[in-house]
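The structure presented is a predicted model; accordingly, all values stated were derived computationally and were not measured.
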Amino acid sequence: MSGFLDELGKRLAERWMSLLVLPGLLFLGAGALGWVASGHRWALPAGWRPASALTDAGIPASAQAGILIVLPLVALVLVSYGIGLIAQALAGGVERFGCGRWPGWLGRLSAGLTHWRLRRWTDAQNLVEQAGAPERDRFVAARNRIGLQRPRRPTWVGDRLAAADARIWQWYRLDLTSCWPRLWLVIPDSSRQAVQAGREQFGAAMLVGAWAVLYAVLGVLWWPMVFVGIVIGLVAWRRARTNAAVLADLVESTVDVHAVQLAAALGVPVTDNRVTPSNGEQITERLRKGV
């Protein structure tokens, strides 16, 4: 048991350092560079000396050297950790934005982007319907790059995640919102770990997006940081698209593979070891409980 706890502590420490402290230290370094490059200088109150302050506090000279080394390092780590927590808090807003859940004051922009994406998808769908057999696969692939379903959100990521829900409903008549918590209880650990890993990767991409916002804000001190924020934002955007597709595929695959187990757990009989739309409607009606 102690070995397990030691290993768990090491992993938590590694995640703490990699997700919060190290990015925070890098951000602090960039901020210090911007502060100096913009013409500012570090200044302490006139006549203030750290050693004198420690002496006045009654700390012996033999301990002052160690304190003068340790305290700045501790302060640096704590400030970096605090900045990392700010980035994590901001990641939730970045995720909502990336998934197309925009605030009301961006309604016109959201509607415009959604209409633009829908127009592109509709044009691509028309080409699919008009294409002959040799070219159809190419046009289908081009349409699917825009969206697997008709776009209803201003962002590709939002529509890609929503497409899993829509496709599961169309194929099985299963309401993913209602059935997912119950399905989670019957799937094996390997499936849970795969979905959790996909969710963590998607969350990590959103965290990168949060750092992009912070670096762009740092441009107030030094304008080149705006371009650093843009580059990091492009990386986050690319990773978000890739990881959203992986996560959506994992969720959809989990339903495809384990829907029969959910039906068995709920006592809904199936035929030929597959969940039909009729079975799905029974499961959905039971799980919704009339709501």
If you compare all heavy atoms of [X] against all heavy atoms of [Y], which two are closest, and at what distance to 0.1 Å?
X	Y	result
G100	P154	O-CD, 3.7 Å
A205	A236	O-CB, 3.7 Å
A131	F139	CB-CD1, 3.4 Å
L174	A259	CD1-CB, 4.4 Å
L287	R182	CD2-NE, 3.6 Å
A248	A164	O-CB, 3.9 Å

Could I get the full list of ring-ring contact (aromatic ring centres under 6.0 Å, His included) partners for [X], not counting sequence neighbours?
X	result
W180	W184
W121	none
W169	none

Any chance you could measure [X], atom [atom1], to [Y], atom [atom2], to the nearest 0.5 Å?
X	Y	atom1	atom2	value
L127	R138	CG	CZ	9.0 Å
Q130	R136	CD	CZ	11.5 Å
S191	L250	OG	CG	9.5 Å
I230	L234	CD1	CG	7.5 Å
I283	S278	CD1	OG	10.0 Å
W211	I83	CH2	CD1	6.5 Å

Taking [X] first and then [Y], would you say they form a salt bridge - that is, a charged N and a carboxylate O separated by under 4.0 Å?
X	Y	result
R192	D189	yes
D159	R117	yes
R160	D249	yes

| request: Check salt bridge (Lys or Arg N to Asp or Glu O under 4.0 Å) between D272 and all other residues, then give those that pass, not counting sequence neighbours. | output: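 D272: no salt bridge (Lys or Arg N to Asp or Glu O under 4.0 Å) contacts found.
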
| request: Check salt bridge (Lys or Arg N to Asp or Glu O under 4.0 Å) between R143 and all other residues, then give those that pass, not counting sequence neighbours. | output: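 Per chain and number, R143 pairs via salt bridge (Lys or Arg N to Asp or Glu O under 4.0 Å) with no residue.
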
Give a yes or no on whether [X] atom [atom1] has more than 12 heavy-atom contacts from other residues, nucleotides or ligands under 6.0 Å away.
X	atom1	answer
R152	CZ	no
R238	CZ	no
R101	CZ	yes
E285	CD	no

| salt bridge (charged side-chain N to carboxylate O under 4.0 Å, His left out): which pairs involve residues 83-98, sequence neighbours left out? | E95-R199

| Are L113 and W102 side-chain neighbours, meaning at least one heavy-atom pair lies under 4.5 Å? | yes

| said: Could you tell me if the side chain of H258 sits less than 4.5 Å from the side chain of L262, heavy atoms only? | reply: no

May I ask whether [X] and [Y] are part of the same hydrophobic cluster, defined by side-chain heavy atoms of I, L, V, M, F, W, Y residues being less than 4.5 angstrom apart, directly or through others?
X	Y	result
Y215	F97	no
I187	I168	yes
L118	L161	no
L266	V255	yes
M206	V195	yes

| said: Between I232 and V228, does the side-chain contact (heavy atoms from CB on, under 4.5 Å) criterion hold? Intermediate values first, please. | reply: CA-CA 6 Å; I232 296 175; V228 175; 3.9 Å; yes

| request: For R120 and W116, run side-chain contact (heavy atoms from CB on, under 4.5 Å): C-alpha distance rounded to whole Å, both residues' side-chain angles, the deciding distance at 0.1 Å, then the answer. | output: CA-CA 6 Å; R120 291 178 61 222; W116 173 71; 3.4 Å; yes

| Pair E200-Q196, side-chain donor/acceptor within less than 3.5 Å |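 Note: E200 and Q196 side chains miss the donor-acceptor criterion.
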
| said: With no hydrogens and no angle check, just 3.5 Å: does a side-chain donor-acceptor pair link T276 and N279? | reply: yes

| query | Would you find a donor on one side and an acceptor on the other, under 3.5 Å apart, between the side chain of W156 and the backbone of R145? | reply | yes

| Between T284 (side chain) and D175 (backbone), is there a donor-acceptor pair under 3.5 Å? |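 Indeed, once roles are kept as given, a pair shorter than 3.5 Å links the two residues.
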
| Could you walk me through whether V268 and R286 pass the side-chain contact (heavy atoms from CB on, under 4.5 Å) check? | CA-CA 10 Å; V268 176; R286 179 175 301 182; 4.2 Å; yes

| task | Applying side-chain contact (heavy atoms from CB on, under 4.5 Å), run through F202 and V157 and close with a yes or a no. | result | CA-CA 10 Å; F202 180 70; V157 169; 3.8 Å; yes

| said: Please identify which of these residues, L247, V246, N243, T242, meets the side chain to side chain contact (heavy atoms under 4.5 Å, CB included) condition with Q201. | reply: N243

